[in-house]
Amino acid sequence: MTEFQTEPLDALRSYAGARRPRRLRRTAALRDLVRETTLAPDDFVFPFFVVPGDGVRNPIASMPGIAQISVDTLAGEARELESLGIKATLLFGIPVTKDALGLESYAEDGIVQQAIRALKDAGPELVVVSDVCLCEYTDHGHCGLLDAEGYVLNDETLEILGRIAVSHAEAGADVVAPSGMLDGMVAAIRSALDGAGFERVAILSYAVKYASAFYGPFREAAEGAPRFGDRKSHQMDPANAREALREAALDVEQGADALLVKPALGYLDIVSSVRERFPELPLAAYNVSGEYAMVKAAAANGWLDERAAALEVLTAIRRAGADLVVTYHAKEAARWLQGSGA
């Protein structure tokens with residue numbers, strides 16, 4: 001090596017000698033020791049799509065590994081979640097019949113009400129979160145009552161949301177999660193719960209829910225796609241970020257106990273902003289069906305390692321500031337984290 005080559009290299013070594021971040025990446029144990037963001041099964045919330053019948057398990061083509069299931073299978077599901085260290089579930093229901101008013105949404109023997117009771121009987125310590133919305137129960141597939149022009153009526157729907165929340169609380173839900181993005185929904189639900197003696201039931205508000213293209217597989221699973229139009233009149237414009245903080249602030253003022261951002265992966269900046277603005281409240285993020293389906297499809301084609309990609313996605317959502325991640329990968333991720341494979 002010539003003098004010209006040696007001197008710069010020696011100078012670089014002298015400078016880098018005191019500044020080598022790679023020292024703490026040398027072994028797996030060192031990397032674990034200094035890891036900034038952790039991922040564990042109790043960070044996950046696993047969704048269920050519950051349908052009428054007995055012994056039902058209808059695979060969802062666009063969401064490999066996920067199925068619509070009947071109430072009688074939930075005891076086994078609760079035991080599986082417990083064994084995996086997953087402590088919470090989110091319930092969606094597909095009713096026997098649908099109508100313009102979504103009447104089964106708050107029926108005492110409604111599908112979600114039955115599911116709540118089954119889960120709490122099988123696993124009293126399991127945190128049961130119930131979705132509060134009308135889209136799965138109405139024959140038009142929209143999130144509320146409609147006027148003659150097909151526009152979602154805001155204030156008229158709020159009373160129905162209160163009834164749904166109270167019926168879920170009566171069945172034993174720990175947390176209700178209004179997802180319709182209607183103005184005043186948190187205040188209406190809090191008033192209804194408190195008025196019925198359910199002051200202890202918490203509200204996890206979908207405070208920031210975008211009108212996203214990534215909900216397609218979910219609409220197959222929940223059978224709640226709108227028969228006409230779309231949901232852009234109440235769900236947020238994906239181009240807006242400042243508005244997200246306004247929406248979250250309104251829900252905090254109305255008494256939300258926790259906030260949720262949906263979707264997650266394409267909106268990590270929003271997750272981070274909401275976390276920074278409201279550090280005192282628990283924050284959830286929904287790793288939605290389309291995000292799940294993309295990873296599954298790419299893995300099925302051999303284009304990426306599903307385990308590595310899914311865990312990276314979930315870690316990124318946590319790193320952005322989410323305390324909880326609603327994810328269809330919850331069971332698989334819990335097994336991977338436990339080291340027991342897929």
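Reckoned from all heavy atoms, side chains included, excluding hydrogens, waters and symmetry mates.
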Undergrad: Check step by step if side-chain contact (heavy atoms from CB on, under 4.5 Å) holds for Ser289 and Phe214.
TA: CA-CA 7 Å; Ser289 58; Phe214 289 93; over 6 Å; no
Undergrad: Return the minimal non-hydrogen interatomic distance between Ala61 and Pro64, and the atom names on each side.
TA: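 For Ala61 and Pro64, the tightest heavy-atom pair comes out as O-CD, 4.0 Å.
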Undergrad: Once the angle between the rings of Phe92 and Phe49 is folded into 0 to 90°, is it parallel (under 30°), tilted (30 to 60°) or perpendicular (over 60°)?
TA: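 Ring orientation, 0 to 90° scale: parallel.
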Undergrad: To the nearest 0.5 Å, tell me how far Leu281 CG sits from Asp323 CG.
TA: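 Going from CG on Leu281 over to CG on Asp323, the span is 9.5 Å.
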Undergrad: So, taking the atom named OG in Ser212 and the one named CG in Asp237, what distance separates them when rounded to the nearest 0.5 Å?
TA: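 So the gap between those two atoms works out to 11.5 Å.
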Undergrad: Atom CG in Leu268, atom CZ in Arg318: separation rounded to 0.5 Å?
TA: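 CZ of Arg318 is found 13.0 Å from CG of Leu268.
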Undergrad: Between Arg23 (side chain) and Arg26 (backbone), is there a donor-acceptor pair under 3.5 Å?
TA: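 Flag not set: sc Arg23 to bb Arg26 has no pair under 3.5 Å.
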Undergrad: Dump the intermediate steps for side-chain contact (heavy atoms from CB on, under 4.5 Å) on Leu259 and Val252, then the final yes or no.
TA: CA-CA 8 Å; Leu259 305 173; Val252 171; 4.0 Å; yes
Undergrad: Any non-hydrogen side-chain atom of Pro178 less than 4.5 Å from a side-chain atom of Ile189?
TA: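 Yes, close enough: below the 4.5 Å cut-off.
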Undergrad: Out of curiosity, does Leu204 fall in the hydrophobic cluster containing Val127 (side-chain heavy atoms, cut-off under 4.5 Å, transitive links)?
TA: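 Cluster IDs for Val127 and Leu204 match.
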Undergrad: Just checking Lys120: does its NZ atom have more than 12 heavy atoms from other residues, nucleotides or ligands closer to it than 6.0 angstrom?
TA: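 Yes, because the 6.0 Å sphere around NZ of Lys120 holds more than 12 heavy atoms from other groups.
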Undergrad: Just checking Phe44 against Phe46, ring centres under 6.0 Å apart?
TA: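 They do not qualify: ring centres at least 6.0 Å apart.
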Undergrad: Less than 6.0 Å separating the ring centroids of Tyr267 and Tyr210?
TA: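 Ring centroids of Tyr267 and Tyr210 are less than 6.0 Å from each other.
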Undergrad: If you count the non-hydrogen atoms of other residues, nucleotides and ligands that lie under 6.0 Å from CD in Glu80, is the total more than 12?
TA: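 Counting neighbours around CD of Glu80, more than 12 heavy atoms of other residues, nucleotides or ligands fall under 6.0 Å, so yes.
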Undergrad: For the backbone of Leu311 and the side chain of Thr315, can you confirm whether one donor and one acceptor N or O come within less than 3.5 Å of each other?
TA: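 Looks like yes, one N/O pair under 3.5 Å.
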Undergrad: Would you check if Lys98 and Tyr137 make a side-chain contact, meaning some heavy-atom pair closer than 4.5 Å?
TA: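 No. Closest side-chain heavy atoms not under 4.5 Å.
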Undergrad: Is any side-chain heavy atom of Thr73 less than 4.5 Å from a side-chain heavy atom of Val56?
TA: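 A side-chain contact is absent here, since even the closest heavy-atom pair is not under 4.5 Å.
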Undergrad: Got a donor-acceptor contact below 3.5 angstrom from the Asp43 side chain to the Ala40 backbone?
TA: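 Indeed, once roles are kept as given, a pair shorter than 3.5 Å links the two residues.
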Undergrad: Got a donor-acceptor contact below 3.5 angstrom from the Thr27 side chain to the Leu30 backbone?
TA: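 Such a contact is found between Thr27 side chain and Leu30 backbone.
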Undergrad: State, with a plain yes or no, whether a side-chain heavy atom of Tyr106 is found less than 4.5 Å away from one of Val166.
TA: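 Side chain of Tyr106 against side chain of Val166, heavy atoms only: no contact under 4.5 Å found.
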Undergrad: Is a salt bridge present between Arg200 and Asp174, judged by a nitrogen-to-oxygen distance below 4.0 Å?
TA: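 No, Arg200 and Asp174 are not salt-bridged.
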Undergrad: Do Val175 and Val128 come within less than 4.5 Å of each other through their side chains, counting heavy atoms only?
TA: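 No; the side chains remain at least 4.5 Å from each other.
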Undergrad: Over all heavy atoms of both residues, which pair between Ala202 and Asp257 is shortest? Give the atoms and the distance, please.
TA: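 It is CA-OD2, 3.3 Å.
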Undergrad: Do Ser179 and Asp131 have a side chain donor and acceptor closer than 3.5 Å?
TA: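 Side-chain D/A pair, Ser179 to Asp131: present.
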Undergrad: Might you point out which heavy atoms bring Ala188 and Leu158 nearest each other, and give the distance in Å?
TA: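 Shortest heavy-atom contact: CB-CB, 3.8 Å.
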Undergrad: Check for a donor-acceptor pair, side chain of Asp305 on one end and backbone N or O of Arg307 on the other, with a separation under 3.5 Å.
TA: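 Confirmed, Asp305 side chain pairs with Arg307 backbone.
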Undergrad: Once you round to the nearest 0.5 Å, how far does NZ of Lys87 lie from CG of Leu324?
TA: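 Here the rounded value is 11.5 Å.
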Undergrad: Would you find a donor on one side and an acceptor on the other, under 3.5 Å apart, between the side chain of Gln68 and the backbone of Val50?
TA: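 Flag not set: sc Gln68 to bb Val50 has no pair under 3.5 Å.
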Undergrad: Pair Thr327, Val45 - check side-chain contact (heavy atoms from CB on, under 4.5 Å), show working.
TA: CA-CA 6 Å; Thr327 175; Val45 180; over 6 Å; no
Undergrad: Hey, quick one: are Phe198 and Val186 part of the same hydrophobic cluster, counting side-chain heavy atoms closer than 4.5 Å, chains of contacts allowed?
TA: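 In one cluster: yes.
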Undergrad: Run the salt-bridge test on Lys331 and Glu77 with the 4.0 Å N-O cut-off and return the result as yes or no.
TA: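 Looking at Lys331 and Glu77, the cut-off is met.
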Undergrad: Check this for me, if you would: do Arg319 and Glu36 make a salt bridge, where the nitrogen-to-carboxylate-oxygen distance has to be below 4.0 angstrom?
TA: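 Salt bridge absent between Arg319 and Glu36.
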Undergrad: Membership question, hydrophobic clusters at under 4.5 Å side-chain separation (ILVMFWY): are Leu250 and Val132 in the same one?
TA: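 No, Val132 and Leu250 fall in different hydrophobic clusters.
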Undergrad: Within the distance-only criterion (no hydrogens, no angle test), does the side chain of Asn240 pair as donor or acceptor with the backbone N or O of Met236 below 3.5 angstrom?
TA: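 No; judged by distance alone, with no hydrogens or angles, the pair does not exist.
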Undergrad: Determine whether Lys262 and Leu260 satisfy the following criterion, side-chain contact (heavy atoms from CB on, under 4.5 Å), listing intermediate values before the conclusion.
TA: CA-CA 7 Å; Lys262 179 181 181 180; Leu260 184 143; 3.6 Å; yes
Undergrad: Does some side-chain heavy atom of Tyr292 sit less than 4.5 Å from a side-chain heavy atom of Ile66?
TA: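 Yes; the side chains approach each other to less than 4.5 Å.
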Undergrad: Should the heavy atoms of other residues, nucleotides or ligands under 6.0 Å from CZ of Arg31 be counted, would the total exceed 12?
TA: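 Result for CZ/Arg31: enclosed.
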Undergrad: Just so I know, are the side chains of Ser130 and Ile116 near enough to count as touching, which here means a heavy-atom distance under 4.5 Å?
TA: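 Counting from C-beta outward, Ser130 and Ile116 do come under 4.5 Å.
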Undergrad: Using the rule side chain to side chain contact (heavy atoms under 4.5 Å, CB included), only one of Val96, Val71, Ile94 pairs with Ile111; which is it?
TA: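 Only match with Ile111 under side chain to side chain contact (heavy atoms under 4.5 Å, CB included): Val71.
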Undergrad: Are Glu291 and Lys296 within salt-bridge range, i.e. N to O under 4.0 Å?
TA: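 Judged by the 4.0 Å cut-off on N to carboxylate O distance, Glu291 and Lys296 do not form a salt bridge.
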Undergrad: Quick one, Phe48 and Leu81 - any side-chain contact, counting heavy atoms below 4.5 Å?
TA: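 Yes, side chains in contact.
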Undergrad: Counting N and O atoms only, with roles assigned by atom type, does the side chain of Ser273 sit under 3.5 Å from a partner on the main chain of Ile270, one being a donor and the other an acceptor?
TA: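 Side chain of Ser273 to backbone of Ile270, a donor-acceptor pair under 3.5 Å: no, none is there.
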Undergrad: State the CD-CG distance between Glu243 and Leu245, to the nearest 0.5 angstrom.
TA: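 CG of Leu245 is found 10.0 Å from CD of Glu243.
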Undergrad: Might you point out which heavy atoms bring Ser205 and Met185 nearest each other, and give the distance in Å?
TA: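 Heavy atoms only, the tightest pair is OG-CE, 3.6 Å.
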Undergrad: List for me each residue that meets salt bridge (Lys or Arg N to Asp or Glu O under 4.0 Å) alongside Asp72, sequence neighbours excluded, and say none if there are none.
TA: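 Asp72 satisfies salt bridge (Lys or Arg N to Asp or Glu O under 4.0 Å) with no residue once adjacent residues are dropped.
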Undergrad: How about CD on Glu125, more than 12 heavy atoms from neighbouring residues, nucleotides or ligands closer than 6.0 Å, or not?
TA: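 Counting other residues, nucleotides and ligands, CD of Glu125 stays at 12 neighbours or fewer.
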Undergrad: What I want to find out is whether Arg190 reaches Asp194 closely enough, with some N-O distance under 4.0 Å, to be called a salt bridge.
TA: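 Asp194 and Arg190: salt-bridged.
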Undergrad: Quick check for you: to the nearest 0.5 Å, what is the distance between Leu119 atom CG and Leu91 atom CG?
TA: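 Interatomic distance, Leu119 CG to Leu91 CG, rounded to 0.5 Å: 5.5 Å.
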Undergrad: For Ala165 versus Leu193, what's the shortest heavy-atom pair and its separation?
TA: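 It is O-CD2, 3.7 Å.
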Undergrad: State whether the side chain of Glu82 and the backbone N or O of Gly123 hold a donor-acceptor pair below 3.5 Å, judged by distance alone.
TA: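 Checked: no pair found.
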Undergrad: Measure across Ile160 and Ser105 and return the closest heavy-atom pair with its distance rounded to 0.1 Å.
TA: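 Looking at all heavy atoms of both residues, the shortest contact is CG2-OG, 4.4 Å.
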Undergrad: Does any N or O in the side chain of Thr138 come within less than 3.5 Å of the main-chain N or O of Leu134, such that one atom is a donor and the other an acceptor?
TA: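 Yes: the side chain of Thr138 pairs with the backbone of Leu134.
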Undergrad: Are any of the side-chain nitrogens in Glu247 or Arg242 under 4.0 Å away from the carboxylate oxygens of its partner?
TA: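 Judged by the 4.0 Å cut-off on N to carboxylate O distance, Glu247 and Arg242 do not form a salt bridge.
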Undergrad: Give the cluster check for Ile317 versus Val295: same hydrophobic cluster or not, with ILVMFWY residues linked at side-chain heavy-atom distances below 4.5 Å.
TA: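 Unlinked, Ile317 and Val295 end up in two clusters.
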